[in-house]
Amino acid sequence: MKTALIIPAYKPDEKLLGLLARFKGDADFVPVVVDDGSGPEFRRIFDALPEGVTLLTHPENRGKGAALKTAFKYVLESCPQCGQAVTADADGQHRYEDIKRVCAAAAQRPEALVLGSRKFEGDVPLRSRLGNGITRHVFSIASGVKVYDTQTGLRAMGREGMRRFAQVPGDRYEYEINMLLTAAQSGMPIQEEWIETVYLDDNASSHFNPFKDSLKIYLCILKFSASSLLAFVIDYVLALLLKALTASWPAALSLNFSVIAARLVSGTVNFTVNRRVVFKGNESLGKAIAKYVALAACILGLNLLLMHLFTGMGWPFALAKIVTEVLLFCLSFVMQGKFVFRKKRAE
């Protein structure tokens, strides 16, 4: 079985040629380079590609995601001898030995997406360390899958994985996050192999923005916020409406009925939106409901505890309420993403 070595290249330098030179004569690999609209000033680099390298060209820059999808489709249509593919960056950050090891792991698990993951040890640029750290934790909550290095460009998969990822939306760096989300939400196993962390010239050649290009997983927080706001509005409006409709009832009965009924309706809406839209849960409905109710009870208890604690410390009621709600919002987001709407995944 041969492996398609896919390298998307935008304004590359000699490091691309150095990487390809390592694979020259290696019969196990079929190199495919995509010139993503680098322009005529970089023609000399592509003209110097070693013999046997297939060059695909985008007349204009379309983005890394578009380049990867172009290569996947080419391999599926024109390289039947390639049972798997590995993607690597053109800037020299992926070593020959690491690429080979990731491919060997993928050959053992053709149904999986295998990542060459960095541990971010040593002299790592701050934006890379911080960006990956934040993205790692939010991705885990949003998808229910732990991936240490969400931004690695070294990834290997079988032909079925290529077919799946050739259809993933996104043309630029957000595509790589979309790949991980697609794999996680479809149940495709994700395996990580540790590789050496290599940064050249403080990673100056990278066109990746760890915050902007990871926006899709941060949208999970925004959707959760919108879901919580929707539940609050429903709870507030319905409680007022029911209180008005039951004005002739005894005061205590009217109050209790209005508050409880409004909370049941708003909680049902919040549960449904979070399960289907925010977290795309894979837990069974009955178990998810039981966990959601248990979490809601715990949140209510903590709400009362924190309010008594803060007001007992002399905090104004309004400040205590704001701090409490922010803390419990964060706790609820993490617990719903990791506990309520996720069943345990097999390793």
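Starting from 1, each residue takes its place in the sequence as its number.
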Applying the 4.5 Å side-chain criterion to the ILVMFWY set and letting contacts propagate, would [X] and [Y] be lumped into a single cluster?
X	Y	value
Y236	L230	no
L68	I99	no
L328	W315	yes
I289	M335	yes
V86	L56	no

[Y] side chain reached by [X] side chain, heavy atoms, under 4.5 Å:
X	Y	answer
L309	M313	yes
R118	H94	no
H137	V334	no
N303	E325	yes
S227	N274	yes
F279	V340	no
W194	D98	no
I195	D149	no

Q) F72: what forms a ring-ring contact (aromatic ring centres under 6.0 Å, His included) with it, not counting sequence neighbours? A)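 Applying ring-ring contact (aromatic ring centres under 6.0 Å, His included) to F72 gives none.
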(Q) My understanding is that only residues two or more places apart in sequence, or in another chain, count here; which of them pass ring-ring contact (aromatic ring centres under 6.0 Å, His included) with F29? (A)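 F29: ring-ring contact (aromatic ring centres under 6.0 Å, His included) contacts with F23.
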Q. Is E160 salt-bridged to R163, going by a charged N under 4.0 Å from an acidic O?
A.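 Yes, E160 and R163 are salt-bridged.
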Q. Looking at R109 and E111, does any basic side-chain N land under 4.0 Å from a carboxylate oxygen?
A. yes
Is it true that the side chains of [X] and [Y] contain a donor and an acceptor less than 3.5 Å apart?
X	Y	result
N61	R172	yes
R164	S186	yes
Y96	D26	yes

Rounded distance (nearest 0.5 Å) linking atom [atom1] of [X] with atom [atom2] of [Y]:
X	Y	atom1	atom2	value
L331	I299	CG	CD1	4.5 Å
D89	T152	CG	OG1	7.0 Å
L306	T311	CG	OG1	10.0 Å
H308	T324	NE2	OG1	10.5 Å
L240	D235	CG	CG	9.5 Å
E192	L154	CD	CG	11.5 Å

Q: Evaluate side-chain contact (heavy atoms from CB on, under 4.5 Å) for Y175 paired with F165, printing each intermediate quantity in order.
A: CA-CA 9 Å; Y175 171 79; F165 297 135; 3.5 Å; yes
(Q) Before you tell me yes or no, could you show the steps for V145 and L180 under side-chain contact (heavy atoms from CB on, under 4.5 Å), namely the whole-Å CA-CA distance, both residues' side-chain angles and the distance that decides it to 0.1 Å? (A) CA-CA 9 Å; V145 178; L180 295 179; over 6 Å; no
[Y] backbone acceptor or donor facing [X] side chain under 3.5 Å:
X	Y	result
Q84	C103	yes
R159	C82	yes
K2	A27	yes
T87	G153	yes
T268	L264	yes
S266	R263	yes
T70	A66	yes

So which heavy atom on [X] is nearest to which on [Y], and how close?
X	Y	answer
F329	S225	CZ-OG, 3.2 Å
L238	A261	CD2-O, 4.3 Å
A320	F310	CB-CB, 3.6 Å
L285	R275	N-NH2, 3.5 Å
A9	A90	CB-CB, 4.0 Å
E176	Q151	OE1-O, 4.3 Å

**Q.** side-chain contact (heavy atoms from CB on, under 4.5 Å) assessment of V147 paired with F139
**A.** CA-CA 8 Å; V147 174; F139 178 84; 3.7 Å; yes
Q.
Over 60° means perpendicular and under 30° means parallel, so tell me whether F271 and Y292 are parallel, tilted or perpendicular.
A. perpendicular
Q: Identify the residue among T54, I7, L20 that makes a side-chain contact (heavy atoms from CB on, under 4.5 Å) with L49.
A: L20
Q: Check each of K69, K64, R62 against D171 using the salt bridge (Lys or Arg N to Asp or Glu O under 4.0 Å) test, and report the only one that passes.
A: K69
Q. Should we say atom CD of E41 is surrounded by more than 12 heavy atoms from elsewhere, each under 6.0 Å from it?
A.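 Yes, the 6.0 Å shell around CD holds more than 12 heavy atoms from other groups.
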